[in-house]
Amino acid sequence: MAEQAEILKRFGGILRVEKPSKQELPLLPEARDFPQVVLRFAPNPDGPLTLGNARPAVLCDYYARRMNGRLILRFEDTSPSVKPPLKEAYDWIIEDLEWLGIHPDEVYYQSDRLQTYYKYAEKFIEKGFAYVCLCKPEEFRSFEKRGEPCPHRDQDPSLSLSLWEKMLNGGLNPGEAVVRVKTDMKHPNPAIRDWPALRIDVAKHPRVVGFRVWPLYNWSCAIDDYEMRVSHVIRGKEHLTNEVRQSYVFKYLNSPQPVSIHIGRVRLEGSVLSKSRIMRGLAEGAYTGLDDPRLGTLKALRRRGFKPEVIRRVVLEMGLNITESTVKWENLYAYNREAVDWEAERYYFVKNPFTMIVRSIPQQVEARLVRHPSRPELGYRNIVLKPLNGEAQLIVSSKDVENLAPGSRLRLMSLFNIEVEHVDPHSKTVKAFFKSLEVPEKSSGIKLIHWVLPSDAVKTVVLMPDASLVEGLGESHLTRLEPGRIIQLVRFGFCKVEKVSKNVVNLVFSHP
RNA sequence: GCUCCGAUGGUGUAGCCCGGUCAAGCAUACGAGCCUCUCGAGCUCGGGGCGCGGGUUCAAAUCCCGCUCGGAGCACCA
C-alpha cells in the first residue's frame, strides 16, 4: 500500500497517504437510570474560549457523538457582580465551538432560567431541605468550622419562606441573606456543610433586567443537570467537591445524579490560559486582541493557522485523565505540520534582504519553482532572470550570506550556482559570479538558499508567535493568495495568509 | 492548617479495576541512515520510563502501608 502510494505519487502525486487513525477512547461509564447519554458543556461567558476550555468541550462533543447522545451548551452566567458576563462572549464561544466542529443540540442560558431556580428554591424551603440564612459570612463560617448549625438552620420553613419573599422583593439587601441547602454540619469536609444556593446580587446583567436573586453555581448547575436529564458530567477537577455538594440536591429530588468525570487542567507551555488574566492583560493593553498570537485562546490558535482537528487531537490524546497536563508547542507544531503539509504551497520569502550582484551570467535563466515538492500536479511558476551585460541582481537573506568568505559557493535554488567574491554588511550587498547551472551533487555540501528577484518582490510582513514582526520581501505570487490559506515559506516556516494587497502581504507564522 | 485527588521516558498517553502473556505499547521530541534542489515532508533503525521505601505473592507498573513530590478545593465565583 505504501509502495503503491509512492509509485502513484511519482506519477501524478494525486494520492495522499493517510495515517491510520489513532485509538479510540474508552466509552463513558454506564449511567444507570438515564435513558440516553446527555452531556453538557457549560462555560461562563466572561471571556474567550482557550485551549483549556477546549478540553471539556471536545470531550463532551466526542462522547455525545460516539455514544449517540445529545450535547447541550449551557451558558452559566449567574454572577453579575463577581464574574460579570460579557455580552460579546456568548457569540465568541459559539463561534469557537463552531470552529472546533462542535454543534450543540441544544443551547441554554441560565440567565433565562431564573424562575426555574426560584421555583425549586421555594420547594426546598417549604420542605425544609433549605433555609434562608441571615448570618454574616464570617458568622456562618465559624459555625461551619465547629460543625454546628447556625440559628437559622432550624427555623420554621414558613419563616424562611417569608424571608425568601423579602430576598426577592427587596426587603433584604445583598449580603444580608442567602438560601442554604441543608447537608450535614458534621460532614468531614467543611466545604460541604450547608452550602449557599442563592444570594442577592443587584449588579447589572448584560442579558436580563429586574432580578435581584441569583443562584450560585451548585444550585443552578444541579437544577439544570436534573431538568436537562444530563447523564454524564465532564468537567475540571476543581469541581470535585461540587459533585458532593450537588449530591444533596439530587437526593432531595429523589433523582439519580449524573456520573461525574473530572479531568485535569490543561497548561500550554509558556502561555496564559486563564480567562481572567487574559481579559486583564487585554484591558491593560498587554495584548493586541483576543487573537494575539501570544495567547492560548482558540482565536489565537486559529489565527496562527492551527487546524481544529489538531486541537481535537491533542485533547483526545489527553483523554479523561484527571492529572494535569502541559501541552507542548512542539506537539502542536508536529500535528499541525502533518495536517497542513499536504495543502501548503511553497513560496520564497527573504528575511532581512541583502542584494546579491551576480556577474558572468552567460544567458537568460528561467527558474521553475514547484508549488509543492511532493505534488507536481499543483504545477509551478516560472521566474525569468534576464541578465544585463551578464549581470543581474537578486535578493537573498542576510542570514545566508553575511558571514560568507570570498570563494564560498552557494546554490540559488532552482536557478544556478555562484561563487561569492565579496560581502559588504554595511551596504548589505554581496558580489558573486556565476559558476554553473546544474544541481550540485549532494555530497558537494554546497548550501542551498532561496532568493527573490527585485522585479518580482513584494513587501511581506510576518507576525511571529511572540507578537514581533519580521519584515522582508516575498515573491509577487504571494499577492494572489486568498486570506486564510496556509503556505510554507521555504526554509522559514509555515504561515497563514492574513491579508494581501498590491503592495504588502501580511502573514502569521504558524511553526517551523 | 483542614478535606480530597494524583504520580509510567523530555512531553502527552496505553496498561493498573480483573497481578503473570509488560525485560512496558503508541505519539511527539531526540540521535543515526536513506530519500529530497527547503531548515518541510516521507522511509528505516536507535537510545530513553513504571517517584522512593517497605509488605503480600511462586510472580507487582498493577494489590496493601508509609514517605516524597505535584495538584485541586476550603467564596454570598464558575
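Residue numbering restarts at 1 for every chain, and letters A, B, ... go by the order of the sequence lines. Worth saying up front: this structure is predicted, and the values here are computed from it rather than measured.
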Q) For the side chain of A/Asp341, counting heavy atoms from C-beta on, which of B/G10, B/G40, B/G73 is nearest? A) B/G40
Q. At under 4.0 Å between heavy atoms, what does A/Tyr335 touch on the DNA or RNA strands: base, sugar-phosphate, or nothing?
A. sugar-phosphate
Q) Once you round to the nearest 0.5 Å, how far does CG of A/Leu134 lie from CG of A/Leu172? A) 6.5 Å
Q.
With rounding to the closest Å, how many angstrom separate the C1' atoms on B/A61 and B/C43?
A. 33 Å
**Q.** Along RNA chain B (nearest heavy atom to each residue), the more 5'-positioned of A/Leu412 and A/Ala334
**A.** A/Ala334
Q.
Give me the distance, rounded to whole Å, that separates B/G71 from B/C35 when you measure between the C1' atoms they each carry.
A. 46 Å
Q.
Looking at B/C4, which nucleotide sits across from it as a Watson-Crick or G-U wobble partner, both distances under 3.5 angstrom, or is there none?
A. B/G71
Q: Assign A/Asn336 to base, sugar-phosphate, or nothing according to its heavy-atom contacts below 4.0 angstrom with the strands shown.
A: nothing
Q: Would you kindly give the CZ-to-C1' distance between A/Arg245 and B/C4, to the nearest whole Å?
A: 12 Å
**Q.** A/His450 NE2 to A/Ser397 OG distance, which is reported to the nearest 0.5 Å
**A.** 5.5 Å
Q: With the side chain of A/Glu330 defined as its heavy atoms from C-beta on, choose the nearest nucleotide among B/A29, B/C2, B/A78.
A: B/A29
Q) Which nucleotide in the set B/A78, B/C37, B/U13 lies at the smallest distance from any side-chain heavy atom of A/Thr323? A) B/U13
Q. How many Å lie between OH on A/Tyr333 and P on B/G10, as a whole number?
A. 22 Å
Q. Considering only B/U36, B/C2, B/U13, which nucleotide approaches the side chain of A/Lys442 most closely?
A. B/U36
Q) So what does A/Met413 touch, heavy atoms closer than 4.0 Å: a base, only the sugar-phosphate, or nothing? A) base
Q | P gap between B/G33 and B/C39, integer Å | A | 15 Å
Q: Mind calculating the distance between CH2 (A/Trp329) and P (B/U11) to the nearest angstrom?
A: 18 Å
Q.
Quick check for you: among B/A78, B/C74, B/G10, whose closest atom lies nearest to any side-chain atom of A/Lys83?
A. B/A78
Q: May I ask you to establish whether A/Arg180 and A/Phe140 are in a cation-pi arrangement, using a distance under 6.0 Å from NZ or CZ to the six-membered ring centre and at most 45° from the ring axis?
A: yes
Q.
Partner lookup for B/U11, please. Criteria are Watson-Crick or G-U wobble with both distances under 3.5 angstrom; report none if nothing qualifies.
A. B/A27
(Q) Regarding A/Thr78, tell me which of base, sugar-phosphate or nothing describes its non-hydrogen contacts under 4.0 Å with the strands shown. (A) sugar-phosphate
Q. Do A/Tyr131 and A/Asp194 have side-chain heavy atoms sitting under 4.5 Å apart?
A. yes
Q.
Could you measure the distance from the CG atom of A/Leu489 to the CD atom of A/Glu345? Nearest 0.5 Å is fine.
A. 12.0 Å
Q) If you check every side-chain atom of A/Ile322, which of B/A78, B/C5, B/C39 has the closest atom? A) B/C5
Q) Which is true for A/Pro80 with a 4.0 Å heavy-atom rule: it touches a base, it touches only sugar-phosphate, or it touches nothing? A) nothing
Q. Any idea which of B/A78, B/G40, B/C2 is nearest the A/Pro373 side chain?
A. B/G40
Q: Please determine if a side-chain N or O atom of A/Arg346 lies less than 4.0 Å away from the OP1 or OP2 oxygen of B/A41.
A: no
Q: Calculate the interatomic distance between A/Ile383 atom CD1 and B/C37 atom P; express it in whole Å.
A: 19 Å
Q. B/G73, B/C74, B/U13: which one has an atom nearest the side-chain heavy atoms of A/Met318?
A. B/U13
Q: Would you mind reading off the distance between A/Ile487 atom CD1 and B/U38 atom P, rounded to a whole angstrom?
A: 18 Å
Q. What's the NZ-C1' distance between A/Lys275 and B/C77, to the nearest Å?
A. 11 Å
**Q.** Separation between the P atoms of B/U62 and B/G15, rounded to whole Å
**A.** 15 Å
Q: Report yes or no: is the cationic atom of A/Arg146 (NZ for Lys, CZ for Arg) closer than 6.0 Å to the six-membered ring centre of A/Phe143, at no more than 45° off its axis?
A: yes
Q: Could you please name the partner base of B/C34, counting Watson-Crick and G-U wobble pairs only when both distances are under 3.5 Å?
A: B/G42
(Q) At 4.0 Å (heavy atoms only), tell me whether A/Ser414 reaches a base, stays on the sugar-phosphate, or touches nothing. (A) base
(Q) Please classify the nucleic acid contact of A/Phe494 as base, sugar-phosphate, or nothing, using heavy-atom distances under 4.0 Å. (A) sugar-phosphate
Q. Which is true for A/Gly175 with a 4.0 Å heavy-atom rule: it touches a base, it touches only sugar-phosphate, or it touches nothing?
A. base
(Q) Regarding A/Arg337, tell me which of base, sugar-phosphate or nothing describes its non-hydrogen contacts under 4.0 Å with the strands shown. (A) sugar-phosphate
Q | Distance-only donor-acceptor test, A/Gln488 side-chain atoms vs B/U38 base atoms, 3.5 Å | A | yes
Q | Residue closer to the 5' end of RNA chain B, A/Pro26 versus A/Lys399 (nearest nucleotide) | A | A/Pro26
Q) Hey, is the side chain of A/Asn242 poking within less than 4.0 Å of OP1 or OP2 on B/A72, counting only N and O atoms? A) no
Q) Taking the P atom of each, how far is B/G47 from B/G6, in whole Å? A) 34 Å
(Q) Keeping A/Lys275 on the side-chain end and A/Asn44 on the backbone end, is there a donor-acceptor pair under 3.5 Å? (A) yes
Q: Give none if B/U56 has no partner; otherwise give the nucleotide forming a Watson-Crick or G-U wobble pair with it, both distances under 3.5 Å.
A: none
Q) When all nucleic acid strands are considered with a 4.0 Å heavy-atom cut-off, which category describes A/His187: base, sugar-phosphate, or nothing? A) nothing
Q.
Side chain of A/Thr326, heavy atoms from C-beta onward: which of B/C76, B/U28, B/G12 has the nearest atom to it?
A. B/G12
(Q) Check this for me: does any side-chain nitrogen of one of A/Arg212 and A/Asp201 sit under 4.0 Å from a carboxylate oxygen of the other? (A) no
Q: Scan A/Pro512 against the nucleic acid and name what it touches under 4.0 Å (heavy atoms): base, sugar-phosphate only, or nothing.
A: nothing
Q: Give one of base, sugar-phosphate or nothing for A/Arg141, where a contact means two heavy atoms less than 4.0 Å apart.
A: sugar-phosphate
Q: Flag the pair A/Glu243 and A/Arg235 as a salt bridge only when some basic side-chain nitrogen lies within less than 4.0 angstrom of an acidic carboxylate oxygen.
A: no
Q: Mind calculating the distance between CG (A/Leu25) and C1' (B/A27) to the nearest angstrom?
A: 14 Å
Q: Pick the C1' atom in B/C64 and in B/A72, then give their distance to the nearest Å.
A: 26 Å
Q.
Using atom C1' in both nucleotides, what's the gap between B/A60 and B/U21 to the nearest angstrom?
A. 15 Å
Q: Apply ring-ring contact (aromatic ring centres under 6.0 Å, His included) to A/His511 and list each qualifying residue two or more places apart in sequence or on a separate chain.
A: A/Phe306, A/Tyr333, A/Phe494
Q: Answer with base, sugar-phosphate or nothing: what part of the nucleic acid does A/Lys237 contact at a heavy-atom distance below 4.0 Å?
A: sugar-phosphate
Q.
Does the structure show a Watson-Crick or G-U wobble partner for B/G49, both distances under 3.5 Å? Name it, or say none.
A. none
Q | Span that lies between the P atom of B/C5 and that of B/G42, in whole angstrom | A | 43 Å
**Q.** Separation of B/U13 C1' from A/Leu316 CG (nearest whole Å)
**A.** 12 Å
Q. What does A/Asn218 touch in the nucleic acid at a heavy-atom separation under 4.0 angstrom: a base, only the sugar-phosphate, or nothing?
A. nothing
Q: Find the partner of B/G19: check Watson-Crick (N1-N3 plus N6-O4 or O6-N4) and G-U wobble (N1-O2, O6-N3) distances, both under 3.5 Å, and reply none if neither fits.
A: none
Q: Choose from B/A78, B/C76, B/C74 the nucleotide whose nearest atom is closest to any side-chain atom of A/His239.
A: B/A78
